[in-house]
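Here the structure is laid out as structure tokens; the discussion comes afterwards.
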Amino acid sequence: MNLFETVTEMGHEQVLFCNGKDPEIKAIIAIHDTSLGPAMGATRLLPYPNEEAALKDALRLSRGMTYKAACAGIPVGGGKAVIIANPENKTQDLFKAYGRFVERLNGRFITGQDVNLTPNDVRAISRETRYVVGVEERSGGPAPVTAWGVFLGLKAAVKFRLQTQDLKGLKVAVQGLGNVGSNLCRHLHEHGSQLFVTDISKEKTQELKRLYGATIVEPDEIYSLDVDVLSPCALGGIINSETIPQIKASVIAGAANNQLGLEQIHGPMLSAKEILYAPDYVINAGGLINVYNEMIGYDEDRAFQQVHNIYDTLLEIFDRAKKQDITTNDASKQLADDRINRARHIKAMAVV
């Protein structure tokens, strides 16, 4: 990887490599764009196969956060952090050391909880920095709000592609039954949808079968099901050259980040198959909206109104993509860039 060329191409303002020996820590903080406000993005901890994989993850996720905030109308920029470690080896000292790195950025980057971090881990980070959200989980955590936003986004996609607002009898395949995926299944069940589920945890799939009468399928079968909607709610990169030919669903609408393996290749492949894709950073913005509202003083009515905007924003994106004959991913980036450029223009005028 040509580091500076990659960072420049993706538009990042700053990438920090955090290294420490006591305790040993390797972390990457990627700040993509701060035109709308300080960079906000959660921290994930994974045993990446190598440092290049960790960097690629941080770069893609931070760029997605910029677009997510812009499309959600939240006045923050995009950032993301990854800690390279095995979850079994994480310690409170590790998170405190990481918190000191975040504090040195003086509010340029604000972080929170992502993969393999718990509320207790976030509290350890907060002992060393003010720039962390989700410490108290005053709203009950981001997962229920994220799931509600995904449900609304799925409804928008179904309305646009299938020309119906009635979810009764709709066949939905949900991949990944974590906190977001399971909450999404609850909403879909309450609206009469037929669920097909898969997860690496047999306990989770059995629970969804018991609660909602979901049909359990093997992980490699989820793509080829004859369903209306495929909802990826696990890790990213699963919409790719291998899986797209298998997909029979008319709509892809799920919570996972970075669902497209390669945006320039797999976005057009979906369009060619007339599969409507709800851009992940638009549909899953509920978590960001939630923690932003916790940061400024939680108001449930305001937060849920902002989440409800996901429905209208996606309809606008779908309509723009259709009229311009572009992918929904490109249409969402256009919308985000329009809002970011307006913010830059206002800042420039203020300086003058």
Side-chain angles (χ1 to χ4, degrees), residues 33 35-42 64-79 110 112-114 133-160 164-167 179-191 193 231 233 251 253-257 278-320 328 331-340 342-343 346:
D33 191 288
S35 299
L36 294 173
M40 180 177 278
M65 289 300 294
T66 295
Y67 296 138
K68 181 181 295 189
C71 289
I74 301 299
V76 296
I110 301 165
Q113 178 186 345
D114 200 352
V133 293
V135 177
E136 298 180 20
E137 290 192 297
R138 290 185 290 272
S139 63
V145 187
T146 303
W148 181 243
V150 173
F151 173 72
L152 293 172
L154 187 151
K155 284 185 67 178
V158 168
K159 177 182 179 181
F160 192 88
T164 180
Q165 298 187 66
D166 186 4
L167 302 186
N179 290 333
V180 176
S182 58
N183 273 286
L184 174 62
C185 287
R186 175 170 59 84
H187 295 311
L188 290 166
H189 173 72
E190 289 171 352
H191 285 75
S193 299
S231 184
C233 295
V251 169
N257 286 311
D280 46 62
Y281 52 78
V282 181
I283 196 172
N284 68 13
L288 174 63
I289 292 169
N290 187 74
V291 295
Y292 170 74
N293 278 277
E294 286 195 356
M295 182 178 70
I296 64 174
Y298 199 77
D299 181 309
E300 185 175 23
D301 290 339
R302 179 184 61 214
F304 271 87
Q305 180 54 53
Q306 291 171 339
V307 173
H308 273 273
N309 290 339
I310 291 173
Y311 181 92
D312 292 328
T313 298
L314 278 170
L315 287 178
E316 180 181 350
I317 287 168
F318 299 150
D319 187 59
R320 182 184 293 220
T328 54
S332 63
K333 288 179 181 178
Q334 279 189 9
L335 177 65
D337 286 337
D338 288 346
R339 295 178 178 180
I340 291 168
R342 280 199 299 270
I346 291 170

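The structure displayed is predicted, hence computed values, not measured ones.
- Listed by chain and residue number, Arg320, Arg342 satisfy the side-chain contact (heavy atoms from CB on, under 4.5 Å) test with Asp338 (two or more places apart in sequence, or in another chain).
- With sequence neighbours excluded, the residues forming a side-chain hydrogen bond (donor to acceptor under 3.5 Å, both in side chains) with Ser35 are Asp33, Arg344, listed by chain and number.
- Within the 4.5 Å cutoff, no side-chain heavy atoms of Leu335 are placed close to those of Val282.
- The side-chain hydrogen bond (donor to acceptor under 3.5 Å, both in side chains) search around Tyr281 returns Ser332, not counting sequence neighbours.
- With sequence neighbours left out, the side-chain contact (heavy atoms from CB on, under 4.5 Å) criterion links Leu36 to Ala70, Ile340, Ala343.
- Distance check: Trp148 CH2 to Arg186 CZ gives 9.0 Å after rounding to the nearest 0.5 Å.
- The shortest non-hydrogen separation linking Ala278 to Ile283 is CB-CD1, 4.0 Å.
- When the side-chain hydrogen bond (donor to acceptor under 3.5 Å, both in side chains) test is applied to Ser231, no partner is found at least two apart in sequence or on another chain.
- Here Arg339 pairs with nothing under the salt bridge (Lys or Arg N to Asp or Glu O under 4.0 Å) rule; sequence neighbours left out.
- Note that the CG atom of Asp299 and the CD atom of Glu294 stand 12.5 Å from one another [nearest 0.5 Å].
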Identify each donor-acceptor pair in which a side-chain atom of residues 309-319 lies under 3.5 Å from a protein atom, sequence neighbours left out, and give them as a table.
residue : atom : partner : partner atom : Å
Asn309  : OD1  : Gln305  : NE2          : 3.4
Thr313  : OG1  : Asn309  : O            : 2.9
Asp319  : OD2  : Lys323  : NZ           : 3.1

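- Judged as a salt bridge (Lys or Arg N to Asp or Glu O under 4.0 Å), and not counting sequence neighbours, Glu300 has no contacts.
- Residues satisfying the side-chain hydrogen bond (donor to acceptor under 3.5 Å, both in side chains) test with Ser193, not counting sequence neighbours, are none.
- Under the rule for a side-chain contact (heavy atoms from CB on, under 4.5 Å), the partners of Asp114 that lie at least two apart in sequence or sit in another chain are Ala42, Arg44, Lys80.
- Considering only residues two or more places apart in sequence or on other chains, Asp337 meets the salt bridge (Lys or Arg N to Asp or Glu O under 4.0 Å) condition with none of them.
- When all heavy atoms of Val150 and Ala255 are compared, the closest pair comes out as CG2-CB, 3.8 Å.
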Taking only distance into account, with no hydrogens and no angle test, what donor-acceptor pairs under 3.5 Å do side-chain atoms of residues 72-79 form with protein atoms, sequence neighbours excluded?
none

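- Ring geometry for His187 against Phe151 counts as tilted: the plane angle lies between 30° and 60°, on a 0 to 90° scale.
- Of all heavy-atom pairs spanning Pro279 and Thr328, the tightest one is CG-O, 3.5 Å.
- Atoms NE2 and CD1, on His308 and Ile289 in that order, are 10.5 Å from each other to the nearest 0.5 Å.
- Nearest heavy-atom pair, Asn179 versus Ala143, reported as atom, atom and distance to 0.1 Å: CB-CB, 3.4 Å.
- Distance check: Lys155 NZ to Leu167 CG gives 6.0 Å after rounding to the nearest 0.5 Å.
- The shortest heavy-atom contact between Cys233 and Gly254 is SG-CA, 4.4 Å.
- Between the CG atom in Asn290 and the CG atom in Asn293 there is a gap of 7.0 Å [rounded to 0.5 Å].
- Here the closest heavy-atom approach between residue Val307 and residue Leu152 is recorded as O-CD1, 3.9 Å.
- Taking CG of Leu184 as the reference point, atom NE2 of His189 lies at 13.0 Å (rounded to 0.5 Å).
- Looking at heavy atoms from C-beta onward, Asn284 lies in side-chain contact with Lys68 at the 4.5 angstrom threshold.
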